[in-house]
Every structure is written in C-alpha cells, then in structure tokens.
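In what follows, a structure is listed as structure tokens, so that the remarks can point back to it.
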Amino acid sequence: MFKPKLLVILLLYVAIKSLFIEFAGSLQNGKTILDFIDVGQGDSIFITTPLGRTILIDGGPNYDSDAFLDDRIPFWDCYIDYVIITHPDADHLTGVNRILKRCKAGLLVFPGIPVESLDSDLYKGFINSNALRDNKISNKSFDKVIDGVEFHFLMPSEFMNLNPKNTNDHSVFLCMDYGGFEALFTGDAGAKVLKSMTSIVKNKCGIDEPLEVLKIPHHGSKYNYDQYFTEEVKPVVAVISVGKNKFGHPDPQVIENYAKNGTEVFRTDELGNISIVINKNKSFKLK
Amino acid sequence: MQNLICEKLKRNKFLILLLIIVMVRFLSVCTFGAGHCGVKEKIRYESYKEYEKEGLDRDRAEAGGTSLFDYFNFIDRFRNSSIQKARNFYPSPHSELLLGIVLGIDELQTVPTFNDILIATGTIHVVVVSGYNINLLFSFLKSFLGGIYSFKKYLIAVIATLVYSVISGFEPPVIRAWIMSSVSGLGMFYGRKLDPVMLLLFSGLVMIFFDPGLLYSLSFQLSFLASLSLLMFSPIVKAFFAIISKQSMTKSSQNLLQEDLVSSFSAQILVWPVISINFGRVSIFSPFINSIILWTIPVSTILGAAFLFSAFINYYLAFAVSLFLYAPLDIFVQVLRLFSNIPFLSVTLKLNAIYLIVYYLAVFVLYQLFKKKLESVANLERKYVQT
C-alpha cells in the first residue's frame with residue numbers, strides 16, 4: 001500500500017498547501033484583515049496586518065478557532081505574534097490553551113488580575129505552564145505599531161478600582177488604528193467600565209469621528225450596554241460573537257439600541273465567520 | 001420446506017443452543033432480575049454533561065468513557081499522553097480525527113463544528129475505532145510473522161490484537177472484530193473455513209452473554225448491523241453496480257473508488273433505520289461521500305500508529321512522520337467541509353419501532369426468497385462479462 005509514489009504525493013500535498021497559505025498572505029497587498037471566528041458562544045478574533053503579522057484575541061469555548069488558524073498558518077511552523085486573553089473565562093480561554101499547545105506566541109497579553117484571587121484551575125494552569133515555557137508575558141498597558149497599524153493594549157484595572165472577583169470587568173481592551181480606520185475590541189467589559197473607559201479610549205486611539213468597527217462586549221448582554229459610551233464612539237459596524245446559549249444573549253433591546261444609534265449589527269451565529277478587509281484608504285469590505 | 005428447515009436446524013445446532021442460553025441469560029438479567037440494561041449509556045451521557053460544565057480542557061481521567069478497564073491506570077495515562085502528543089503536532093480537527101481513528105479516543109465534543117459536519121455527511125462512524133482496525137492489525141501481524149499456521153504465532157496475533165483492543169477502550173465494535181478474527185484464525189489453524197455470517201452471529205451472542213446490556217448499546221447495534229449488511233448484500237450490490245457501469249467484474253474490483261462505493265452502499269441497507277430512529281435524520285449522500293474519503297482511513301491509521309509510536313521515542317522522528325500524515329487527515333477534513341455546503345444533505349426522518357420491524361422483516365424475507373435468484377444473476381453477470 002505504501003509505495004514511494006503515495007508518500008511523495010502526500011508530501012507534495014503538504015508543500016502545496018503551505019505554499020498556498022504563504023501566497024495568500026503575500027496577495028494581501030497592504031490590507032489588514034479582521035476575522036471574527038464563529039466559535040459558538042464565546043469570542044475569538046484573528047487580526048492579520050498588511051505584512052502578515054498576526055494577533056489572536058481569545059480562543060472561544062472549544063477548539064474551533066484552532067481549525068480556523070490551520071487555514072491561515074502552516075501547521076508545522078505555527079507562530080502568532082501577539083496572543084491576548086481578555087479575561088480568564090472558559091469561553092475565552094479554552095481555545096487559546098489548545099492553540100498554545102502547538103503554536104508559539106511572541107507575546108502573551110493577559111489582564112492584571114492577581115492569580116491568587118481566583119479559584120479557576122484553568123487560569124492558574126495556563127499562567128504556570130506558559131511562565132514555565134519561557135513565553136514572554138505582559139499584563140501592563142502598552143502601545144505598539146506593527147506594519148503601520150497602531151495598536152493600543154489597555155488594562156482597565158490601571159485606570160480605575162475594580163473588584164478582582166469580577167473578571168469580566170478586567171477585560172483587556174484592544175484599540176486598532178489603520179490610516180484612520182479604528183476598531184475597538186472590548187472583551188466582556190461591563191457597562192460601568194465602558195462608561196469610565198470612554199474618554200481614555202477616545203484619547204488614546206484618537207477617535208474623533210465615528211468608530212468603524214466595535215466588538216460588542218459580552219455577546220450582546222444587556223448588562224454590558226452603556227448608552228453614553230455608544231453615543232460617544234458612534235460605531236458604524238458592530239459585531240456580536242455569539243452562539244446557542246441559555247442566557248438570552250444577545251439581548252434584543254441592545255441590538256435595537258445600537259440600531260437606533262445608526263450602527264449596523266452583525267452576528268456570528270447568523271453569518272458564521274465574519275471577515276472585514278480594510279484597505280489603506282480606510283475603505284473596508286465585509287465578507 | 002420442512003426438511004429444509006430441519007436440515008438448517010441440525011447444521012447449526014451449536015449456534016441455536018447458544019442462542020437459547022443467551023436468551024435465558026438476557027431475560028434473567030434484563031427483564032426479571034434487578035437488571036440495569038440500557039442504563040449504561042445514560043450514565044455516560046450525564047457524566048458528559050457534567051464534564052461539559054466543568055470546562056473542556058481538563059485532563060480526562062475517563063478518556064473513552066466507561067469501559068471495563070477504567071481502573072487500569074496506565075492505559076489512561078498512555079491515552080492521555082497520546083492526546084497531548086497529537087495536540088502538540090496537529091491543529092484541532094486533525095488531532096481529534098487521528099486519536100479517534102487510531103486509538104478510539106472520542107474527543108469530538110471539543111470541535112463541535114466538525115462534529116456537526118460528520119453527522120450531516122453521515123461519516124461519524126469513521127472517527128470511532130472500528131473492527132476494521134483489528135482486521136488491519138491482524139493481517140499486518142500475519143504478514144509480519146509469515147502466516148499464523150503455527151499455534152505460537154496464532155497466540156501472539158491474538159494477544160497482540162487483545163492488547164490493542166484494551167488500549168483502544170474495549171468498545172463493542174472492537175470486541176466483535178477481535179472475537180471474529182481470533183475464531184476464524186483458529187478455524188484457519190485447523191484448516192477449516194467458517195461461514196462469516198455464522199461467525200458474526202456467534203460473536204454477537206458471546207458478547208450479549210457476557211453483558212446483556214450491550215443489546216441496548218448503539219455502537220453495538222450499528223457495528224453488528226453494518227457487518228451483517230456488508231456480508232449479506234455486498235455481492236448483490238457489486239453485481240448491480242457492475243450492470244450499471246457495464247464494467248467487467250475483475251476491472252471493477254480493481255477500481256478502489258467503486259469498491260468503496262459498494263461497501264458503503266451495502267452497509268447502509270441495514271444501518272439507516274437505526275440511524276433514523278436514534279438521530280431523527282438520514283444523510284442521503286452518505287454512501288457517495290463515504291466512498292470518496294474512505295481511502296484516506298487505512299493510510300491515516302497506519303501512518304497515525306507510526307506517528308504516535310515515534311512521538312514517544314523522538315521529537316524529530318515524529319515531526320518527519322507528521323509531515324506525511326498531515327495530508328490524508330487534511331484531505332478528509334477539507335473534503336467533508338466542502339460537502340457540508342450541499343443543501344439537503346440530510347433529511348429529517350424519524351422511523352417508529354413498528355416501521356423498523358416491518359422494514360427488517362421485509363428485507364430478510366425478500367433476501368431469503370430471492371437469494372438463489374440474485375446469486376445466479378450475479379454469477380450469470382460474471383460469466384457474461386468474462387466471455
């Protein structure tokens with residue numbers, strides 16, 4: 001059965017697929033891509049910069065995000081430049097844990113919650129295993145320009161006092177600016193945090209005009225909606241990452257409020273993977 | 001007619017005796033006794049629910065569900081470290097596919113999208129360890145040892161396959177295949193050829209004798225029916241396909257794709273009602289999709305075993321093997337993803353028990369009535385094509 005011919009064909013397949021992935025990356029031609037991966041009830045967002053650097057925000061409640069990455073990164077040399085865990089809940093952390101078993105991360109970003117204050121074994125194991133593996137880790141706010149795209153990593157706990165037990169409120173904010181196109185990723189941040197972060201986000205990211213893309217916090221829950229925040233940033237497009245759940249996410253009232261504000265809302269449970277391709281001149285396309 | 005039945009009864013004395021014993025045991029355990037038949041799967045389901053609540057990425061002590069050998073700690077450790085090794089090298093649906101095919105580790109709940117694709121395309125049976133693996137290992141050992149015509153070699157083959165079945169979780173399909181292959185090996189040792197249908201019935205009866213609750217187990221039902229269906233209908237389906245394609249029988253048997261199509265179709269004849277009654281939906285294109293991807297399974301089974309083996313020895317060796325293994329796994333995944341976009345892939349159809357019984361009775365009666373005729377048609381076809 002195992003003739004040399006078959007083995008050669010198998011190797012050829014791997015080579016062609018890897019080439020195809022590399023080729024697709026070089027075809028990107030100065031575009032930044034935001035992928036909202038459909039992982040069911042959870043979050044996972046993959047950002048590719050114009051020169052092919054990658055950022056992963058959360059990994060969802062299962063391993064579906066890993067399946068998605070396989071079509072973007074060759075399996076035998078998996079490297080992600082930045083991996084962000086917005087906060088240590090199972091529906092954000094599980095997929096990241098899986099991906100880091102086979103992939104290397106340039107820098108791991110996670111919120112400034114003291115590990116001792118949590119009784120989540122998942123999180124403790126995660127921090128310990130990655131600290132042991134000499135991954136670079138950070139839980140402080142910082143700014144970074146990658147391939148001409150400005151990124152601002154913001155920790156809410158540095159700007160206000162937060163209850164360490166309420167992990168959602170510690171969610172890492174990521175703000176992206178590519179030639180005037182801004183996107184804001186909010187993790188599962190609560191309404192109060194959104195309100196107090198409004199001015200900080202506006203200053204740091206320079207949002208004077210409407211915000212182009214907003215990741216709606218906490219799968220569109222009604223406890224994570226803030227009128228002031230929405231009116232101030234005026235999102236054009238908002239994405240809810242949501243699947244089947246018993247919590248009633250997303251709340252219809254929240255969607256209606258965003259719509260009243262002139263925001264178009266897209267949901268991963270209706271559309272599957274949502275891909276936003278951003279050109280240099282600020283124009284963007286939704287797939 | 002009466003004589004015919006008498007003769008049949010006489011010829012299969014042993015099997016009928018066994019049937020009576022098993023029936024007595026089944027009734028005493030499941031109906032009159034304190035029986036807990038059919039409870040097993042419920043427990044498994046509930047523990048799965050709990051597991052889901054606690055989060056998916058916990059090290060699993062109960063990898064592979066409840067089996068006889070759960071307390072064999074080292075097997076669990078072996079299975080767990082295999083899971084880690086596969087995940088260190090491969091992305092997700094690939095690693096779960098590999099573990100399922102080679103070691104029968106069911107981790108599909110960690111990749112729900114892929115799981116849905118498997119159900120919709122009617123290919124989920126591929127990702128559980130099957131009797132096929134035992135046959136593969138048995139024939140591998142046979143060629144490795146140079147035939148099993150000495151008792152020592154036969155014993156080695158039987159014990160090696162038993163060890164493999166324990167490692168792969170001792171699931172019903174594996175036990176069935178193990179009993180069948182070791183009994184037929186024994187027959188070969190004594191220079192006798194055994195009727196495969198009788199062999200299948202024998203192994204089924206032995207299994208129910210040891211655990212009457214198995215009769216309620218879905219994997220037992222499916223495995224048993226699929227094998228029976230293959231043995232009964234594959235010659236007929238093959239002849240049928242040969243007539244359609246107007247190809248010679250010898251040529252068609254060389255055609256791998258058509259061979260797979262024949263086996264996928266003939267297995268479905270007895271299996272689809274059970275699928276329908278349990279899942280409430282039937283996949284229409286299942287035989288076609290199966291025949292397209294079936295060739296990747298033996299390739300990935302053998303390469304997967306080599307990969308896991310080398311992963312325990314050396315990282316770089318495992319890396320080299322992993323490059324070859326990726327292709328069949330990825331082809332399987334990508335082809336199924338492609339097919340999952342077809343509309344009307346599966347229809348919602350839930351049979352009730354009466355229709356099920358009527359269907360099976362009809363199939364068996366028709367088979368008995370037309371058996372001779374169909375066989376002669378198949379023979380005729382063969383002759384006609386040859387001349």
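Letters A, B, ... mirror the listed sequences (proteins, then strands); counts begin at 1.
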What part of I331(B) gets within 4.5 angstrom of chain A, counting heavy atoms only: side chain, backbone, both, or neither? both
Quick check: closest heavy atoms across A67(A) and P93(B), and the distance to 0.1 Å? CB-CD, 3.5 Å
To the nearest 0.5 Å, tell me how far H94(B) NE2 sits from R102(A) CZ. 9.0 Å
Which region of F324(B), side chain (C-beta onward) or backbone (N, CA, C, O), has a non-hydrogen atom less than 4.5 Å from a non-hydrogen atom of chain A, or is it both or neither? both
In the structure I gave you, are the side-chain heavy atoms of V39(A) and T113(B) within less than 4.5 Å of one another anywhere? no
Heavy atoms of Y63(A) and E96(B) approach each other most closely as CD1-OE2, 3.7 Å
Looking only at heavy atoms, the pair that brings Y90(B) and R98(A) closest together is O-NH2, 2.5 Å
Write out, in numerical order, the residues from residues 310-322 of chain B with a heavy atom short of 4.5 Å from a heavy atom in chain A. F319(B), S322(B)
Is it true that, when you exclude K350(B) itself, more than 12 heavy atoms of the residues, nucleotides or ligands shown sit nearer than 6.0 Å to its NZ? yes
Taking P91(B)'s backbone N and O only, do any of them form a donor-acceptor pair with D66(A)'s side chain (distance below 3.5 Å, no angle check)? no
If you count heavy atoms of other groups shown closer than 6.0 angstrom to OH of Y13(A), is the number above 12? yes
Positions in residues 69-84 of chain A that reach chain B, provided some heavy atom is under 4.5 Å away: D70(A), D71(A), F75(A), W76(A)
Minimum heavy-atom distance between T110(B) and N62(A), given as atom pair plus value: O-CB, 3.3 Å
Heavy-atom pair count under 4.5 Å with chain B, highest-scoring of D64(A), V14(A), D38(A), L12(A): D64(A)
